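To start, the structure under review is shown below, and the notes come after it.
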Amino acid sequence: MLLTITTTYQPATDLGYLLHKNPARAQPPTELSFGQAHVFYSEVSAERCSAHLLLDVDPVGLVRGHGQPQQYVNDRPYAASSFLSVALARVLREGLTGRSRERPELANTLIPLEFQIACVPSRGGEKLLRGLFEPLGYSVDAQSLELDERFPAWGDSPYFNLTLRITATLSSALTHLYVLIPVLDDDKHYWVGEDEVQKLLRFGSGWLETHPLREEIAARYLKHRRALTRSLLAQLEPDLESVDDVNEEIPVTEPAQSLHQQRLETVLAELRRSGAKRVLDLGCGEGKLLRLLMADKQFEQITGMDVSHRALEFAEKRLKLAELPEARRARVTLLQGSLTYRDVRLEGFDAAALVEVIEHLELYRLAALERTVFEFMRPRVVIVTTPNAEYNAQWQTLPAGAMRHSDHRFEWTRAEFTDWAKRVASSFGYTVRVSGVGLEDALVGAASQMAVFTLVGDSA
Ligand code: SAH
């Protein structure tokens with residue numbers, strides 16, 4: 001079993017710090033109950049660095065002591081399976097958990113990564129391989145292995161040599177491999193119980209909740225034990241608090257209107273100005289913007305989307321949708337979905353708003369969000385708001401360095417947001433205008449910030 005990790009991040013040799021394995025030194029093998037694991041490097045330069053995890057499974061050791069005669073001839077020593085995941089967790093623990101003593105900031109940095117895994121069994125074929133990894137942003141290259149090269153007529157085996165490429169933190173990518181290798185194999189060499197549910201919740205946090213194949217992943221990971229799978233899926237709903245819990249104290253000098261209300265009004269004004277008739281509220285939460293949109297006849301079709309069922313239930317009640325006459329009810333649609341996966345139901349709209357949403361996604365998932373919104377949905381106008389991290393110092397109740405909300409994964413300075421907005425605009429053919437929202441401080445800017453993207457060639 002062989003896993004190769006390559007990066008072209010510069011200096012590429014920093015991979016050694018992320019893996020806690022010095023490329024300049026030979027690593028002693030690690031003894032595992034089912035064999036030996038070796039780590040070595042095949043290429044070490046400032047431009048490119050490749051580390052390998054080689055797992056030497058002892059097939060006789062595996063069946064020894066089992067009392068009954070067992071099958072010696074099987075794929076276990078060679079196929080990438082749950083053994084590889086266990087070895088990953090043992091031997092590359094620091095890489096998996098993202099704890100680098102020497103390079104803590106690098107552990108949180110998105111770096112170009114390539115993974116090659118030899119002989120991956122995919123019970124579900126190339127379709128499953130792609131279905132698992134592509135939605136997470138990987139480019140997938142799967143070379144199918146013939147059953148026996150002397151007899152091509154026998155066709156292909158369920159095994160693949162797999163290459164995955166992504167720009168991500170090493171830890172997030174290793175976490176995906178850790179979970180998905182046994183899922184592809186659809187087997188585990190050990191018993192699964194409630195512990196595995198907890199493990200999957202932990203390692204799946206931030207990506208499994210909204211993965212289009214989450215049910216299949218859960219069932220396979222938990223060896224098709226129905227009760228465990230049900231328990232997992234019930235706990236998988238992302239526990240995102242409402243924006244009402246935001247630590248945005250209203251300073252005495254702030255006008256009576258809360259910052260959030262100002263933000264919503266500002267976004268509403270932009271949507272009006274754009275002339276949009278069919279509008280999307282992406283990450284609509286409990287529907288505060290939807291309510292404002294419903295009060296304005298300009299908006300003929302209003303669709304709110306959120307990943308959280310709970311938030312949508314709340315929105316449905318808050319907007320009293322059930323009590324509306326049929327014609328007015330038909331104007332509003334609430335959909336459960338995710339901003340990181342393409343969804344054809346959200347295509348063909350004039351404008352989309354993402355109010356205080358992007359900071360709830362892990363940074364490495366933003367690339368996926370960019371494509372779903374700007375490439376696939378592709379509305380004429382996209383409005384994005386996010387906190388201005390520089391302003392946080394103005395809130396005395398907010399501890400220094402803290403973020404405004406426990407579910408925020410990042411908060412950007414004005415320069416960071418502007419850079420992002422400009423890059424996205426130029427990659428997808430939009431122009432962009434960035435401005436502040438809310439009370440403005442001469443030094444640190446406004447409390448919140450907004451980018452209005454307009455599709456090039458559109459005069460709005
Ligand atoms: N826009 C609303 C809510 C902001 S809170 C308002 O301004 O009041 C952020 C919202 O984003 C939450 O409701 C959360 O469930 C949603 N969210 C987080 N990640 C998401 C994703 N990947 N796809 C869709 N919605 C997401």
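Index from 1, following the sequence. In what follows, every heavy atom counts, from backbone to side chain, and hydrogens, waters and symmetry copies are set aside. In this text the structure is predicted, and so the values were computed from the model without any measurement. Just so you know, ligand 1 is whichever comes first in the structure, and atom 1 is the first atom listed for that ligand.
- Considering all non-hydrogen atoms of both residues, Glu196 and Tyr221 come closest at OE1-CE2, 3.6 Å.
- Nearest heavy-atom pair, Ala173 versus Ile166, reported as atom, atom and distance to 0.1 Å: CB-CG2, 4.5 Å.
- For the pair Leu319 and Gly287, the tightest heavy-atom approach, listed with the atom from each and the gap, is CD2-O, 3.7 Å.
- Of all atoms in ligand 1, listed by their number and element, those nearer than 4.0 Å to a heavy atom of Cys284 are 2 (C).
- For ligand 1, the polar-atom distance check against His360 finds no nitrogen or oxygen pair separated by under 3.5 Å.
- If you check each of Met305, His408, Glu359, His260 against atom 7 (O) of ligand 1, the one with the closest non-hydrogen atom is His260.
- Annotation for ligand 1: atoms under 4.0 Å from non-hydrogen atoms of Val355 are 1 (N), 2 (C), 4 (C), 7 (O).
- Close contacts between ligand 1 and Glu356 involve ligand atoms 4 (C), 5 (S), 9 (C) [criterion: under 4.0 Å to a heavy atom].
- In summary, the side chains of Ser171 and Thr169 do not present any donor paired with an acceptor at a separation below 3.5 Å, with no hydrogens or angles considered.
- Under a 4.0 Å criterion applied to the non-hydrogen atoms of Ser338, ligand 1 contributes the atoms 21 (C), 22 (N), 23 (N).
- Every atom of ligand 1 is numbered from 1 in the order shown, and the set under 4.0 Å from a heavy atom of Ser308 is 15 (O).
- For the residue pair Arg214/His211, the side-chain donor-acceptor check at 3.5 Å is not satisfied.
- Note on ring orientation: taking the six-membered ring where Trp is involved, the planes of Tyr364 and His176 are tilted (angle from 30° to 60°).
- Using cut-offs of 30° and 60° on the angle between ring planes, the pair Phe374 and Phe453 is perpendicular.
- Here is the list of ligand 1 atoms found below 4.0 Å of a heavy atom in Val357: 11 (O).
- Distances from atom 13 (O) of ligand 1 to the heavy atoms of Thr210, Asp343, Asp306 put Asp306 nearest.
- Of the listed options Leu290, Leu312, Val307, Leu264, Val307 places a heavy atom closest to atom 26 (C) of ligand 1.
- A donor atom on one side chain and an acceptor atom on the other are found under 3.5 Å apart for Ser231 and Gln235.
- Per-residue contacts place Gly283 under 4.0 angstrom from the following atoms of ligand 1 (heavy atoms of the residue considered): 1 (N), 2 (C), 3 (C), 10 (C), 11 (O), 25 (N).
- Every atom of ligand 1 is numbered from 1 in the order shown, and the set under 4.0 Å from a heavy atom of Leu339 is 21 (C), 22 (N), 23 (N), 24 (C).
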